[in-house]
Number of protein chains: 2
Amino acid sequence: MKKTAPEAKLLVVDDEPNIRELLSTSLRFAGFDVVAAANGRDALAAAETHNPDLAVLDVMLPDMDGFTVTRRLRAAGRHFPVVFLTARDDTDDKVTGLTVGGDDYVTKPFSLDEVVARIRAVLRRTHPLEDDDAVIRVDDLELDDDAHEVRRGGETIDLSPTEFKLLRYLMMNPNRVLSKAQILDHVWEYDFNGDASIVESYISYLRRKIDRNPDAVALIQTKRGVGYLLRTADKR
Amino acid sequence: MKKTAPEAKLLVVDDEPNIRELLSTSLRFAGFDVVAAANGRDALAAAETHNPDLAVLDVMLPDMDGFTVTRRLRAAGRHFPVVFLTARDDTDDKVTGLTVGGDDYVTKPFSLDEVVARIRAVLRRTHPLEDDDAVIRVDDLELDDDAHEVRRGGETIDLSPTEFKLLRYLMMNPNRVLSKAQILDHVWEYDFNGDASIVESYISYLRRKIDRNPDAVALIQTKRGVGYLLRTADKR
DNA sequence: CAGGCAAAACGCGGATACTGATGGAGTGAA
DNA sequence: TTCACTCCATCAGTATCCGCGTTTTGCCTG
């Protein structure tokens, strides 16, 4: 997994231990420096102590809701951005105002890769200094996260949301075999309980769209019995 | 979001914590340097201490009204412009006279993007030095904020107020996908609690007026499942 | 070494749910 | 009245996921 150049410090706040662990672990693995808290009170204290660059904040906490936490943080002079976690049905209609300022939100159940991508996007917007680009490149393949657009050799390729997330995951890990289980864990929502054959289907969809030229070396390769791999041309 | 080049310092005064927070956060993100106050007394003190370039001032404050605050500021030799926040049902005679100097006013409930635009407009008028232009251009599309006018290829296009605000938001963020939630948060008034499908309607209206030529590449593009995007032709 | 076998991967087709585009009705304000 | 705005219903087009039959591949055995 590509690391963010200067490691940003994140504060993860969720009362469900499973989610908190899941997030902490994968964000840490993504190269972030992670501090976790289980409720609003601890979150405020942790913010004071660690002064994070961004917070991932569940809106439903046992002691106070995420908005209150945010308001108190801001009142205390902490102006780092927040990525809110909300239940899917809260968001569709009611809860608004989550994207004000540099903030953003992700609905539960989320896919891990999606959360990482959103966090990176928010950090990119609020710390525009770094030359950290929204575009990932592998060979003549370009994936632009801001525009949500994929090009191969300049040609725009149209992908469905899941195809896009899958390709992004592959492109973040070029020349590394990714098992179907890994792909499921990162790209699909964490409560998905279908089987891994769905990954085969989506790999097949992707191949049809990005590896349509049968003469060229395929970017997506199968490692039978192990997983899949996105290969760069200049690799051996 | 486009930032203002030389950061101007703003004083935000409102007694409702939510509004104060909402404004502070989004103005800060818009590139301003923000100081906030909850009442007239604190506002006067803050003006002394921080010497802002502009104040955003609620006319209804617990201790004194916004006009009194302004009068005292002026008496103290502070002549920075003020953008007043007023209730929609305030009588006209109260509101007239607000715009006499370089001042302006916005009615509550406001749209965040609208407030930012008005503040920029006032600053533009009072600090004409900066090469900060009132005209946003994307391809052959021009939006003139001062004249409140939109042209495509020289041809003037007539838009309703909401259509105008929506287009402005899109044009301020070219080549970036904007979700319906983001659009609602920035373009609609903060107390709007209808659902996001209204955005679809307005996108549809805009397309009819702006992308009426079916042969040309559409400026407004749909990213299914993600949001909308205003595309520039010269995409790298 | 050839042939056969089984597991893995693939591709297709279809059920189902969802998303977005659009037209029209209702409401309220100028 | 007319214009903006909002909401709703409908329709078409997509996306997702699963199941099943086919193909490929690696391996084992004779």
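Lettering follows sequence order; numbering is per chain, from 1.
A donor-acceptor contact closer than 3.5 angstrom links the side chains of B/Thr222 and B/Arg207. In this model, a donor atom of one side chain and an acceptor atom of the other lie less than 3.5 Å apart for A/Arg88 and A/Thr107. Donor-acceptor pairing under 3.5 Å is recorded for the side chains of A/Ser197 and A/Asp195.
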Which atom pairs, donor and acceptor, lie under 3.5 Å between side-chain atoms of residues 157-167 of chain B and protein residues at least two apart or in another chain?
| from | atom 1 | to | atom 2 | distance (Å) |
| --- | --- | --- | --- | --- |
| B/Ser160 | OG | B/Glu163 | N | 3.4 |
| B/Glu163 | OE1 | B/Ser160 | N | 2.8 |
| B/Glu163 | OE1 | B/Lys209 | NZ | 2.8 |

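One atom, CD1 of B/Ile220, and another, P of C/dG20, lie 15 Å apart when rounded to the nearest Å. Separating the CZ atom of A/Arg88 from the P atom of C/dT19 is a distance of 9 Å, rounded to the nearest angstrom. Spacing between atom OH of A/Tyr202 and atom P of C/dA9 amounts to 19 Å, rounded to whole angstrom units. Separating the CD1 atom of B/Ile198 from the C1' atom of C/dT19 is a distance of 17 Å, rounded to the nearest angstrom. Going from atom NZ of A/Lys165 over to atom C1' of D/dC17 covers 14 Å, rounded to whole Å. As a whole-Å value, the separation of A/Leu229 CG from C/dA9 P is 14 Å. The separation between B/Asp195 atom CG and D/dC7 atom P is 7 Å, rounded to whole Å. Rounding to whole angstrom units, CG of residue B/Leu166 and P of D/dC5 are separated by 11 Å.
Taking five base pairs at each end of the helix from C/dC1-D/dG30 to C/dA30-D/dT1, the local helix axes there meet at an angle of 20°, rounded to 10°.
Only A/Ser204, A/Arg207, A/Arg208, listed by number, bring a heavy atom of residues 203-213 of chain A to less than 4.0 angstrom from any atom of DNA chain C.
Ion pairing between a basic and an acidic side chain is recognised when a charged N comes within 4.0 Å of a carboxylate O; A/Asp144 and A/Arg137 show no such pairing. The pair B/Arg168-B/Glu114 meets the salt-bridge criterion, with a side-chain N (NZ, NE, NH1 or NH2) lying under 4.0 Å from an Asp/Glu carboxylate O. Using a 4.0 Å cut-off between charged nitrogen and carboxylate oxygen, A/Arg212 and A/Glu155 do not count as a salt-bridge pair.
No engagement by A/Ser197 is indicated, since no non-hydrogen atom pair under 4.0 Å with the nucleic acid exists.
Considering all non-hydrogen atoms of both residues, B/Glu21 and A/Arg71 come closest at CG-CG, 4.3 Å. The minimum heavy-atom distance linking B/Val217 with B/Asp211 is given by the pair O-OD1, 4.4 Å. Between A/Thr99 and B/Gln182, the shortest heavy-atom distance links the atoms OG1-CA, 3.4 Å.
Between B/Thr222 and the phosphate of C/dA21, there is a side-chain N or O to OP1/OP2 separation shorter than 4.0 Å. Applying the 4.0 Å criterion to OP1 and OP2 of D/dT16, one finds that A/Ser160 has a side-chain N or O inside that range. Look at A/Tyr228 and you'll find a side-chain N or O under 4.0 angstrom from OP1 or OP2 of C/dC10. Regarding contacts with the backbone of C/dT19, every side-chain N or O of B/Lys180 stays at 4.0 angstrom or more from both OP1 and OP2. A sub-4.0 Å separation between OP1 or OP2 of D/dT16 and a side-chain N or O of A/Trp188 is absent.
Each of A/Ser201 and B/Gly227 has a nearest nucleotide on DNA chain C; the 5'-most of these lies closest to A/Ser201. Of the two residues near DNA chain D, A/Asp158 and A/Gly194, the one whose nearest nucleotide lies more 5' is A/Asp158.
At a cut-off of 3.5 angstrom, the base of C/dA8 holds at least one donor-acceptor pair with the side chain of A/Arg224.
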